[in-house]
Amino acid sequence: MAKELYDGIYSSHKLVFIERIEKNLDFYLKDKLQKLKTLGQEVFCEVDKKDLSDVLREMKENPELEIVILNSVNRYISKDRNCVLINLSSVINNFSVLVRVYMDSPVTDKERLLKEYGYIVKEISAVYAPAKFFMTRPALKENYSDIVIKGGPLDGLDCFDAYIQTDYNLIENIYLDTRLSAIPAHDIFSNIYFTDLLTLISRFDFGAGIFPELCLCLGLEEIMQLKVPKRVQYIRMLMSELFRISSHLACIAKLCKILGSDIVFNKTMMERERVLRVIELITGSRIHPNFIRIGGVKKNLNEEKLKNIKENLPVIFKKINNLEALLVDNTIVTGRLKNIGVLNSKTALEYGVTGPNLRSSAVRYDLRKNRNLLLYKDISFTIPMGKYGDCLERVNLRFFEIYQSIRIINQILHELPEEHIKKLINLADLEIPFSEMVSSVECPHGVFKIYFEIKDNRMESLVVMGPSRNSLNCAERILQGNRVEDLKLILATLDISDGEIIQELML
Amino acid sequence: MTAILNKVIYIFCIMGINLYFCSYLTSKVSARSELRRGFVASRIGGLGYPFVKLFRYLAKDYKLNIWEVFLFFFSLFIWTVVPFSQTLTLIKFDQDLLMAFLFYLLLIFLILTNSSRSNHGYIFQNMTKNVLMIYTFMLPVFFCVTSLVIINRTLNLKEITGFQYQYWNIVYQPLGFIVFFTSVLLQLKLFGLTKSNPVLFTENQEKEGAGLGRLIVRVARYSALFFLIVMISILYLGGWHSFYFINGNIIFILKFYIIFFILLLLDKATPGLDDYRYLVSINWRFLVPFSAANFLLTIIFFILRNIYNLI
């Protein structure tokens, strides 16, 4: 009885809170909001282009709302019209708002589109300064051309070109041009069956492919109002944590490669291999798992798989402990990482950075604790937090997160509920009318959020708001004043995932 | 004349065999530390790999630069004054220690001049910086060697070896040995046998199959390292003195390979030092003060003992 009550209170508490925010918004901006509703755990509103500036200013300056963070600005096509989707959030009040603005320009007219998009982003940047990163800035290419690094030479980062203006060996200004990774997303994803999208969406995060899948399924379940069995939730958590470990290990390995620490690099890759083999045993694939299904998962966990995880988990813990000692106790490594690429909490919040990069700057924000995500509320774990926000802190924090993930997996293995799961829905029989949804998960790089529209079981549009985009914007700021030699190191510790940078092509 | 020719042939043979085994050892150690097996088509077949590699270098047409010609001759000249044993020396010279280090300085100058070359000419700004940086690593070496010279009262390498018939110099100069060894390790990390260091070498150097020029640079780098190892062995570890019933020459070879192996292991175990600031700080904060302190202590000891007869 008490447990049911607890479950009920916990979930409804968040909804009550969001309803309150919605009421507040309705009260203050009644005339200017064309549409206002809750989508899942987020607030969604529609604003006319001419009211945009006033609405944003009210949202930022009103003490009851205090929406001070701009996470992303995305262009997408909905119902044959160009739209701009602005993602705003308030870490202090723990909620986020999506603002949609319809554009007047037709879909095919490039010049008008660029002009109008530039105008809207300019309006936004008058209130939120970091919006300038979402503009097209070709002029900077010529200004900052002392050193040009084309996509590829940087280890594992082929999603942008870097244009650097230097003063001897110090970076004065840097422009990271991400137009390289712009794709005609609308042409690719529109008209695709939403069930087919499940197999493709893991490409948006190479390092941890399960999170985009999970995010999409959570959104679809929210639309269908599905209640997912407890065992399924536990299996999803288990897989998420395994992928989190794998992704963090890949990040550390990348860093070791840059540091020239071959032994630690190889040992880290060996441990990642161990984790990937466990993942492979469960899902059947290593990078793109294709494991999460709407309302469930692809396969149940049997005794053999559980035994394998139980055997491997202590080994992984012990080996990663050794790795940490090898890497972080080395004075040469700490000497190179300390006091480099310092990201303070104010800058991190301003640029909308989330995940380990934010937590290393002494802000404790994690969707696993702050939102009602899966069944993390049943599990005892802590959110590690850093203090100084430099490169060394970010590396340390990733190690701590790996230990917490191992702790979570250990609890899941001991508390995995026995349930007989039956297949109740046939996806072929479903008919979804036009509906839109936002959902977010805490992926290893930060808060991964997607917005999608479905019409007659086909995707109308899909907007991916990855956290790496914010880390990249932030990198432009924190790289200033650092040495050119440290460029690779700082970018590696920020853990930028290529897939998340993918954006809609400007025709 | 024939005696000198014989000696030249001997020295060439020793150098060639050393190069062969050391390049084999380098590849093997680096492969093992990277958790892979190295070049083993078959286990014994791997032994022939440096030979195959030599042909790969020579297979491409390459126009030799004048600096590379200089480099080639200097990497051989350096061995004319260094004694390999009691009898195997080409030029008998009383101050051969001085001469040897002078040749070494010229050799590394040439290596760096060569490394600063790019397709668009020489990068002089980089070159001067690199040369000065490497020469600052010679400061502690200079202090250590001077301390040894004060103790042994000679500039002749054979006499320095002869002085160690009872106790090796490492007993008198433990601090000096540590500093000398660290300096050698840092120079190895800078020249980079297994992986070229971006502080010193431009990308042009490491282009695949750059022909004879690359082979010459590689031989020169090995030559510089061999010289330092031989110097460690002669100055601190007793050189070619026989050990009980074991022949002195064999002991010398053993010492050489043991030092080479330890240096390689340390090179692979530590992270890459491709940070100019960090390298310089190691040199000025640790190596130079310690070697200077060692030098001062030696001088004080020398004065108290020989001038005032107190010790």
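Here is how names work: the chains are called A, B, and so on, in the same order as the sequence lines, proteins then strands, and each is numbered from 1.
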Crowded around K387(A) NZ? As in, over 12 foreign heavy atoms under 6.0 Å?
no
Who pairs with F137(B) by ring pair (Phe, Tyr, Trp, His ring centres under 6.0 Å), at least two apart in sequence or on another chain?
none
Part of M269(A) lying under 4.5 Å from any heavy atom of chain B
neither
Could you tell me whether F290(B) atom CZ has more than 12 heavy atoms of other residues or ligands within 6.0 Å of it?
no
Surrounding NZ of K255(B) (heavy atoms of other residues, nucleotides or ligands, distance under 6.0 Å), is the total greater than 12?
yes
Please report the shortest heavy-atom distance between K268(B) and D262(A), naming the atom on each side.
NZ-OD2, 3.0 Å
So does F261(B) have more than 12 non-hydrogen atoms from other groups sitting under 6.0 Å from CZ?
no
CZ (F286(B)) with more than 12 external heavy atoms under 6.0 Å
yes
Step through the shown structure and confirm whether more than 12 heavy atoms of other residues, nucleotides or ligands are within 6.0 Å of NZ on K307(A).
no
For chain B, which residues of residues 326-344 of chain A have at least one non-hydrogen atom nearer than 4.5 Å to it?
N330(A), T331(A), I332(A), V333(A), G335(A), R336(A), I340(A)
